[in-house]
Amino acid sequence: MSEVNQETATEHGLSASEYETMLSIMGRTPLITELGIFSVMWSEHCSYKSSRKWLKTLPTEGPQVICGPGENAGVVDIGDGLAAVFKIESHNHPSFIEPYQGAATGVGGIMRDVFTMGARPVANMNALRFGSPDHPKTRHLVSGVVAGIGGYGNCIGVPTVGGETNFDPAYNGNILVNAMTVGIANADKIFYSAAAGPGNPVVYVGSKTGRDGIHGATMASAEFDDDSEEKRPTVQVGDPFTEKLLLEACLELMATDAIVAIQDMGAAGLTSSTVEMADKGGVGVELNLEKTPVREEGMTPYEIMLSESQERMLMVLKPGREEESRAIFEKWELDFAVIGRVTDSGHVVLRMNGELVADIPVAPLVDAAPVYDRPWERTPARNELAAAEVEMPAKPLDALRQLLASPNHCSRRWIWEQYDHMVMGDTAHHPGGDSAMVRIHGSERGLAITTDCTPRYCHAEPEAGGKQAVAEAWRNLIAVGATPLALTNNLNFGSPERKSIMGQFVGCVTGIGAAASALDFPVVSGNVSFYNETSGEAILPTPVIGGLGLVEDLTKTTRLAFPAPEQAIVLIGTTTGWLGASSYLQEIEGRTDGAPPPVDLSLEKINGSFVRAQIVNGAVTACHDISDGGLIVAIAEMAMASGIGANIEVVQADIPLHAWLFGEDQARYILTTTDPDAMLKTANSEGVMATVIGITGGESLTVGGSHTISVNDLRDAHEAWLPEYMAAP
Amino acid sequence: MRSAVIVFPGSNCDRDVAVALERASGVAPAMVWHRETSLPPVDFIVLPGGFSYGDYLRGGAIAARSPVMRDVEAHAQAGVPILGICNGFQVLTEIGLLPGILMRNAGLKFICRDVHVAVADNETAFTAGYAKDQVLRIPVAHNEGNYFADEATLDALEDDGRIAFRYTTPQGDINEAGNPNGSARNIAGIYNETRTVLGLMPHPERVVDSAHGGTDGVALFDGLVKALAQ
């Protein structure tokens, strides 16, 4: 183990050229701990070597942005002297191997990213993708992931307020578990990770270091094969109780002015936290590793540096502040150890009982991290699918019921009832709406949060799919009456070493950038997860968008449930009956062909701005964005949420009925109002297409006079699928 | 009303109940860290929900041995009203102030949703703000809320009027359909022998504000403030 050569470098995942670069930086044969440090810092997971070139193209600025990508999380101004701190991050590989702990530590990791910056986490969200319900592992993975997310978030006492879950055979061998946390901090007390002040103490706090998770970041940077389960020891084990103590202790210390810099130990543990803090501050760090609190005897420097034990933080304190800081951590029964100091050498120097085990110049380690301009090929454009090419169902509302009872449309109640979504007492909208909504504690203002992506669009046309993911997140925020502020993204793809996958990545990032620019919805944080493939089968490209919006007055928000009978149902936006790559096509016809719906960003902006203004002015009694399944699914969801039916009298005669009902044209919303004339008048004056298509009331959903179905029937079918599936042996 | 909220490592509904107490009484409660050995002068004590000590060993088992609990027990003996919510209920059974135990939910899953409970009578400080047999909509959020005691204990609880709240259907029927977690005799909350200590699985502090989507917890806190002022 201790000899370093090309062979050991290869075992550590370094290519021949990367090893050469490392040798030239070191000017000697590196020690084994040094090799370990290089290998994790240069892993895809830590270095973003395949994605960096493209991530740089994303818009990251705006008057609301306090801190964009590059820190532990993004920070935006939410007024009243407060800031929202948020990020989304993947824990895909560990969750496939060990679903409970993989998902739990994913939640724990993203919460640390947020409270490291001085924010109290106020909401957790997630985006999950599982394989086919028929796949033998799916039920076990759903059960474990949901229990793991709940197990961690419920215990620490941060509400899990929403998310999205989908099933597709493309995720059979690689599920996706993306966890997002939103926190609130004082805007003038954000904590950063740049170490400073030679001589200042470097302090380790939190859990002890064990042998768990060694090389987790490297695992996350390689494809799976059939032996992936043997990697189970690389999955970390979470302890939400310790994280709760760490959260409270950190916030208590942050209320003083003792901290110079702070960084959580996530992927690549003590290695990445030390290197990143030194690099950002342009300083050196010296650590005496025998002072590290360890859980097991006989741990080597290599193991200490590469462990991914959870619930740990590294801090630089002001000189002389050690004892008051120690007292806080001891109150919370956590380890507190001064393990080193900041230097002006520009090197990370590690000693174990006096013996030098690593001496690496930080700037070259970081600056020479490989950046690849991976070859890529554009995903071929698809032909538009005419509605006439899709068979008209004899009974379109039976198709609706089938759709609502399908794995991808059924109620997610079985999932969110396992999450404590109310703790902290500020959950203003319960799960199941377009966006989650939490009140800003002690105020009547709120934060709206959503996670969105439509992978089948991204697969069909990556650029359109990337745009659509951003547009849908933006619409979901609008639909509750929020002003969209900024987004975080979690880019989940297959191997970037394949041109077709890299083409998907480039396309999606291009689309995200275009939409984020057009909608003034900048990207403030994010995460890339490549190598989501098993034995050469890649997942669908899944760039999940986590959107954050601000509500100035919680009494002026909307939910999707029909509020009362006899209200006008207004369709906002233009309907062409776009069935290509639609959910209807996939679930009812078993087809995935056709181009996805085009995303007209200026139309999104015009329609969305209109809807938001109508909501804020009190003209809207319920609102729902139209997405998967088209307008009739949106209307059915509004009916099921309230038990109030609807009569859709006005159908568009120039479009086949099934295309009008199930087509997925973008930039559309369903609203209800008591004063449709005023709404249509305003819409007309602003160039917004608005049509009264029906009226709420009764206990059935009726379309065009002749088709009808009971809301209770729909609701029973919608609620039944997931619990029945999960209860099956 | 001078109140105290006991804070254990891992408590996570301490702030929520403090907000509810301050809303009802106009006075912020004292937040008492578990290592304290004596309480300030108080008229009312809350053991809040959460995961004290991560629920390690058993929910509430380690918290019941915290230093502050000696003085909480002394206050119970002196007749000071004590409310244990969720994890606080578990602590009260672990320390023996209430009989029985809270087992894993019958469905073996964490449950977070609104349930309905019926108020048995309105003759204690905790229920003074309600009507007898009133049905409340209050959320639960727990993994171990399945109340169990032997038959003799259950009979005694029933005979002595010590069952404070029972799970019901939305219509108020006490049956299997209204029981979210398998609790014996649909028990959601019980009193000690003097009816001054209440253990309650549902979270009244989560329904004290119209923004919560329900306000059925308001009368519990308002009723307490009024009853204790007399």
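Numbered from 1 within each chain, the chains take letters A, B, ... in sequence-line order. Below, all heavy atoms of this structure are taken into account, side chains as well, without hydrogens, waters or symmetry copies.
- Across G151(A), G157(A), P240(A), S143(A), the residue that shares the most heavy-atom pairs under 4.5 angstrom with chain B is G157(A).
- In terms of heavy-atom pairs under 4.5 Å with chain A, the best-connected choice from E205(B), R206(B), R113(B), H142(B) is R206(B).
- A distance of 4.0 Å separates NE2 of H421(A) from SG of C112(B), quoted to the nearest 0.5 Å.
- Taking each heavy atom of L245(A) and G10(B) in turn, the nearest pair found is CD2-N, 4.2 Å.
- Crowding of R137(B) atom CZ: a count of heavy atoms from other residues, nucleotides or ligands under 6.0 Å not exceeding 12.
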ring-ring contact (aromatic ring centres under 6.0 Å, His included) between Y53(B) and F241(A), intermediate numbers included: CA-CA 7 Å; Y53(B) 288 97; F241(A) 170 60; 5.8 Å; yes
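- Contact tally against chain B (heavy-atom pairs below 4.5 Å) for D239(A), I156(A), T242(A): the top residue is D239(A).
- In E324(A), the CD atom is crowded: over 12 heavy atoms of neighbouring residues, nucleotides or ligands sit closer than 6.0 Å.
- Judged purely by atom type and a 3.5 angstrom limit, D420(A) has no side-chain atom pairing as donor or acceptor with the backbone of A141(B).
- Proximity to chain A (any heavy atom under 4.5 Å) is restricted, for D209(B), to the side chain, taken from C-beta onward.
- Neither the backbone nor the side chain of H429(A) comes within contact range of chain B, judged by heavy atoms closer than 4.5 Å.
- A donor-acceptor contact shorter than 3.5 Å is absent between the side chain of H212(B) and the backbone of D426(A).
- When each of K331(A), H430(A), R413(A), K244(A) is scored by its heavy-atom pairs under 4.5 Å with chain B, the top score falls to K331(A).
- You'll find the side chain of D114(B) reaches within 4.5 Å of the side chain of M422(A), heavy atoms only.
- Heavy atoms of S210(B) lying under 4.5 Å from chain A are absent altogether.
- Proximity of K109(B) to V146(A): side-chain heavy atoms (C-beta onward) are nowhere separated by under 4.5 Å.
- We find the CG-CE distance between D16(B) and M424(A) to be 7.5 Å, quoted to the nearest 0.5 Å.
- With respect to chain B, the highest number of heavy-atom pairs below 4.5 Å among A147(A), G442(A), C155(A) belongs to C155(A).
- Under the 3.5 Å distance criterion, the side-chain polar atoms of N12(B) are matched with a main-chain donor or acceptor of N154(A).
- If you measure heavy-atom distances from L554(A) to chain B, you find no contacts under 4.5 Å at all.
- Of all heavy-atom pairs spanning R35(B) and E330(A), the tightest one is NH2-O, 3.5 Å.
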